[in-house]
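Report on one structure; see the data block that follows.
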Amino acid sequence: MPELPEVETTRRGIEPHVEKQRVKEIILRRKDLRWPITPDLSKDMPGQTIESVSRRGKYLLLQTKTGTLIIHLGMSGSLRIATQSHIVGKHDHVDIVLDNKKILRFNDPRRFGCMLWQKSNGCLHPLLASLGPEPLSENFNSNYLYKKSRTRNAAIKTFIMDSKIVVGVGNIYANESLFLAGINPKRSAGKISKARFAKLVPCIKQVLQNAIDAGGTTLRDFTDSDGKPGYFAQSLLVYGRKDQPCNVCKTILKEIRQGQRSTVYCPKCQG
DNA sequence: ACTTCGACCTGTTGGC
DNA sequence: TGCCAACAGGTCGAAG
């Protein structure tokens, strides 16, 4: 479900309910997510005040004075603002109960997500330590991408989905960005010209920003923290549109597999 | 240093 | 209608 726009939509949705609130209690219904939920979480976080809700790539960070809760939504995770009257669902694995009576509820059917408590020790968590730049920041520019790509033989699509290169570009938006930039997803990253990267980078930024503005992409089950869907799905130009005509040239869009993920592209526009 | 691939899970979809 | 295989928004870590 969540790529960067969906995570950012979630962040914005929960922030006003959660920021400056004291954690009253943590309810763990299951702790076997991708990794076990940090055992100390329900002991260490209650009593702490959530100072800020930030995002690094697809990780959400709930910062307190004594530690940070690192949350990843994996493939199927979501965070909702609930109250006592909301019925607990099958995959509602964790509740963070706040002093304002609201509950930050973590749901994740596939349990590919994670919830890790890191005590403040001045170190960056290993999961965050080797991440590439934020795609919407100045640090992510065509010079940077060009330099990073020179030694790479991997396909450009795989390359821009590598979180060590740039964070937050998942399968949907990688497909969309390459279409907008007119680049064939199979092209070797190392063989792409500087001029092409100069085109690609703004396309990535634009696709992500537009998706954030639309509240993310809802394919089947993504909702924001109030349960509302995102509206970017209707703007998708290639993702999920195999065998349909290209919006630009009417050529039938083609689907291939790259690194066990589906890639859809226009053989003509991205020739 | 780079690339590929299995693994982690459940739910939904499409073909027979 | 039912069954089963294939696939789904992610990404780590082992192996080549």
Side-chain angles (χ1 to χ4, degrees), chain A residues 1-11 29-37 55-60 70-79 89-94 106-116 125-132 135 147-177 185-191 204 207-208 211-212 214-224 229-236 238-243 255-264:
Chain A
M1 166 254 280
E3 295 190 32
L4 185 147
E6 292 73 40
V7 177
E8 179 60 21
T9 298
T10 299
R11 191 197 70 73
R29 300 191 187 82
R30 280 194 85 128
K31 36 192 157 183
D32 53 337
L33 304 180
R34 175 168 190 172
W35 297 291
I37 291 175
R55 178 185 62 69
R56 177 73 176 100
K58 297 174 190 169
Y59 292 93
L60 285 167
I70 301 169
I71 302 171
H72 197 291
L73 302 176
M75 202 84 140
S76 57
S78 62
L79 285 169
K90 186 173 177 189
H91 302 293
D92 289 334
H93 307 311
V94 183
F106 178 82
N107 177 289
D108 186 7
R110 291 177 74 178
R111 309 206 306 283
F112 284 1
C114 69
M115 204 168 264
L116 302 169
H125 193 280
L127 284 173
L128 307 176
S130 51
L131 294 178
K147 279 185 188 161
K148 279 282 183 187
S149 66
R150 290 308 88 185
T151 57
R152 297 294 206 104
N153 190 39
I156 183 65
K157 190 208 176 200
T158 314
F159 181 67
I160 59 172
M161 287 179 70
D162 181 346
S163 64
K164 290 193 272 308
I165 301 302
V166 57
V167 295
V169 182
N171 200 34
I172 296 178
Y173 303 111
N175 278 297
E176 295 301 307
S177 303
K186 290 181 289 191
R187 280 286 292 286
S188 164
K191 289 183 184 154
I204 292 173
V207 166
L208 293 174
I212 292 170
T217 297
T218 296
L219 293 181
R220 51 192 119 253
D221 57 8
F222 173 73
T223 56
D224 68 12
Y231 295 98
F232 195 70
Q234 48 199 290
S235 308
L236 297 177
V238 285
Y239 182 86
R241 294 195 65 240
K242 76 159 172 173
D243 296 337
E255 182 176 74
I256 57 172
R257 296 199 71 81
Q258 292 183 291
Q260 305 140 297
R261 315 302 299 279
S262 73
T263 298
V264 185

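By convention in this document, chain letters (A, B, ...) are assigned in the order of the sequence lines, proteins followed by strands, and residues within each chain are numbered from 1.
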Check [X] against [Y] and note the closest heavy-atom contact, atom names and distance.
{"X": "Val264(A)", "Y": "Asn175(A)", "result": "N-OD1, 3.0 Å"}
{"X": "Ile172(A)", "Y": "Thr217(A)", "result": "CD1-CG2, 4.0 Å"}
{"X": "Ala155(A)", "Y": "Gln258(A)", "result": "CB-NE2, 3.5 Å"}
{"X": "Thr218(A)", "Y": "Ala233(A)", "result": "O-CB, 3.5 Å"}
{"X": "Glu176(A)", "Y": "Val207(A)", "result": "CB-CG1, 4.0 Å"}
{"X": "Leu4(A)", "Y": "Pro135(A)", "result": "CD1-CG, 3.7 Å"}

Whole-Å distance separating the [atom1] atom of [X] from the [atom2] atom of [N]:
{"X": "Asn171(A)", "N": "dC7(C)", "atom1": "CG", "atom2": "C1'", "result": "12 Å"}
{"X": "Phe159(A)", "N": "dA1(B)", "atom1": "CZ", "atom2": "P", "result": "15 Å"}
{"X": "Leu131(A)", "N": "dG10(C)", "atom1": "CG", "atom2": "C1'", "result": "13 Å"}
{"X": "Arg56(A)", "N": "dT11(C)", "atom1": "CZ", "atom2": "P", "result": "12 Å"}
{"X": "Glu255(A)", "N": "dA6(C)", "atom1": "CD", "atom2": "P", "result": "15 Å"}
{"X": "Arg150(A)", "N": "dC2(B)", "atom1": "CZ", "atom2": "C1'", "result": "15 Å"}
{"X": "Asp108(A)", "N": "dT11(C)", "atom1": "CG", "atom2": "P", "result": "13 Å"}
{"X": "Gln258(A)", "N": "dA8(C)", "atom1": "CD", "atom2": "P", "result": "13 Å"}

**OP:** For dG9(C), take OP1 and OP2 only and decide whether either is under 4.0 Å from a side-chain N or O of Tyr173(A).
**Re:** no
Looking only at side-chain atoms of [X], point me to the closest of [options].
{"X": "Met75(A)", "options": "dC12(C), dT11(C), dA8(C)", "answer": "dA8(C)"}
{"X": "Ser163(A)", "options": "dG9(C), dC12(C), dC7(C)", "answer": "dC12(C)"}
{"X": "Met161(A)", "options": "dG10(C), dA8(C), dC12(C)", "answer": "dG10(C)"}
{"X": "Tyr59(A)", "options": "dG10(C), dG9(C), dC12(C)", "answer": "dC12(C)"}

Subject >> Side-chain ion pair, Asp32(A) and Arg111(A), N-O less than 4.0 Å >> reply: yes
Using atom types as modelled and distance alone, determine if a side-chain donor or acceptor of [X] lies under 3.5 Å from a backbone N or O of [Y].
{"X": "Arg150(A)", "Y": "Gly190(A)", "value": "yes"}
{"X": "Arg241(A)", "Y": "Asp243(A)", "value": "no"}
{"X": "Glu255(A)", "Y": "Lys242(A)", "value": "no"}

In whole angstrom, give me the gap between the [atom1] atoms of [N] and [M].
{"N": "dA1(B)", "M": "dT11(C)", "atom1": "P", "value": "22 Å"}
{"N": "dT10(B)", "M": "dG13(C)", "atom1": "C1'", "value": "23 Å"}
{"N": "dC4(C)", "M": "dC9(B)", "atom1": "P", "value": "22 Å"}
{"N": "dG9(C)", "M": "dG14(B)", "atom1": "P", "value": "15 Å"}

Close N or O pairs between protein and nucleotides 8-12 of chain B (under 3.5 Å):
unit_1, atom_1, unit_2, atom_2, d
dC9(B), O3', Arg111(A), NH1, 3.4
dC9(B), O2, Arg110(A), NE, 2.8
dC9(B), N3, Arg110(A), NH2, 3.3
dT10(B), O4', Pro109(A), O, 3.4
dT10(B), O3', His91(A), NE2, 3.4
dG11(B), OP1, Lys90(A), NZ, 3.2
dG11(B), OP1, His91(A), NE2, 2.6

**OP:** Starting at the 5' end of DNA chain C, write a dot or bracket for each base, bracketing those in Watson-Crick or G-U wobble pairs whose two distances are under 3.5 Å and using | for partners on another strand.
**Re:** .|||||||.|||||||
Original post:
Does the side chain of Asn171(A) come under 3.5 Å of the side chain of Lys157(A) through a donor N or O and an acceptor N or O?
Top reply: yes
Close N or O pairs between protein and nucleotides 3-6 of chain B (under 3.5 Å):
unit_1, atom_1, unit_2, atom_2, d
dT3(B), OP1, Asn153(A), N, 2.7
dT3(B), OP1, Ala154(A), N, 2.6
dT3(B), OP2, Arg152(A), NH1, 2.5
dG6(B), N7, Gln260(A), NE2, 3.2

Original post:
Parallel, tilted or perpendicular: which describes the rings of Phe106(A) and His93(A), with under 30° parallel and over 60° perpendicular?
Top reply: tilted
Original post:
What is the nucleic acid contact for Phe232(A), judged by heavy atoms within less than 4.0 Å: base, sugar-phosphate only, or nothing?
Top reply: nothing
**OP:** Could you tell me the separation between the CG atom of Leu208(A) and the OH atom of Tyr173(A), rounded to the nearest 0.5 Å?
**Re:** 7.5 Å
